[in-house]
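Here's the structure, in structure tokens; my notes come after.
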Amino acid sequence: MQVVKYVFQPHGDERGQLVALEELKDIPFKIKRVYYLYATLKGVVRGYHAHKSLEQIIICIHGSCKIRLDNGQESKIIPLERPYEGLYVASNMWREMFDFSPDAVLLVLASELYDERDYIRNYDEFLAYINNAPMGEKK
Ligand code: T46
């Protein structure tokens with residue numbers, strides 16, 4: 001499984017750092033939605049779903065956390081801890097975010113508006129979906 005991490009260009013000077021992200025330039029899709037996760041409680045695991053169409057770039061702009069990506073065949077754990085790095089998460093990818101530091105802020109740039117119909121929140125359904133088999137046909 002290929003993990004795609006974007007390293008953004010910080011515009012640093014003696015005052016500090018600034019990262020600017022433009023759609024179809026720094027980000028490989030048109031950005032339709034921005035959301036962020038913060039104040040995640042100790043020990044909490046978020047996610048547990050995949051998206052049918054949505055693509056995202058996930059940036060831990062403060063603190064740290066980890067994300068497990070699973071394409072149905074392989075799974076990888078990726079640390080997110082640099083505000084100038086963005087993890088690309090394609091559609092049809094199961095994700096779980098965990099090990100949040102108390103100060104973690106996860107900024108997400110998304111290719112689509114929020115639509116609960118795009119979510120697959122059951123792992124067996126996810127496997128069936130990516131293998132293009134109706135539920136019940138897979139062991
Ligand atoms: C993802 C990971 C990284 C909205 O009303 N609008 C939104 O745009 C979003 C993202 C969520 N919500 C509502 C739906 C739920 O009632 O906010 C609540 C929490 O959402 P959810 O349980 O899906 O949160 P996470 O942290 O499990 O997942 C989120 C995104 O939903 C998901 O697309 O990839 O962050």
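Ligands are counted one by one from 1 in listed order, and the atoms in each one are counted from 1 as well. Atoms considered below: every heavy atom in the structure, side chains included; atoms not considered: hydrogens, waters and symmetry mates. Each residue takes its place number in the sequence, starting with 1.
Under a 4.0 Å criterion applied to the non-hydrogen atoms of Tyr119, ligand 1 contributes the atoms 10 (C), 23 (O), 30 (C), 31 (O), 32 (C), 33 (O).
Here the options are Tyr38, Tyr36, Phe100, Tyr35, the test is side chain to side chain contact (heavy atoms under 4.5 Å, CB included), and the partner is Leu106; only Phe100 passes. The only option from Asp70, Val45, Ile67 that meets the side chain to side chain contact (heavy atoms under 4.5 Å, CB included) definition with Glu96 turns out to be Val45.
Protein heavy atoms are absent from the 4.0 Å sphere centred on atom 15 (C) of ligand 1. Closer than 4.0 Å to atom 18 (C) of ligand 1 lies none of the heavy atoms of the protein.
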Could you walk me through whether Glu81 and Lys66 pass salt bridge (charged side-chain N to carboxylate O under 4.0 Å, His left out), step by step? CA-CA 8 Å; Glu81 53 203 12; Lys66 295 192 178 83; over 6 Å; no

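Using a 3.5 Å distance cut-off with no hydrogens or angles, the side chains of Glu55 and Tyr88 do pair a donor with an acceptor.
Which of Met97, His51, Glu96 comes nearest to atom 2 (C) of ligand 1 through a heavy atom is settled by distance: it is Met97. Of the candidates Glu112, Arg95, His49, the one placing a heavy atom closest to atom 32 (C) of ligand 1 is His49.
Seen from the ring of Tyr119, Lys52 does not count as a face-on cation partner, given the 6.0 Å and 45° thresholds.
Between Arg33 and ligand 1, a contact under 3.5 Å exists for at least one N or O pair. The distance criterion of under 3.5 Å between nitrogen or oxygen atoms is not met by Leu54 with respect to ligand 1.
Contacts with ligand 1 closer than 4.0 Å are made by no heavy atom of Tyr48, backbone or side chain.
At the top of the distance list for atom 21 (P) of ligand 1, counting protein heavy atoms only, stands Arg121 NH2, 4.0 Å. Protein heavy atom at the shortest distance from atom 11 (C) of ligand 1 is Tyr114 CE1, 3.8 Å. Counting protein heavy atoms only, atom 27 (O) of ligand 1 is closest to Gly47 N, 2.9 Å.
Under the 30°/60° scheme for interplanar angles, the aromatic rings of His49 and His51 are found to stand perpendicular.
In this structure, Asp103 contributes its side chain and His62 its backbone to no donor-acceptor pair below 3.5 Å.
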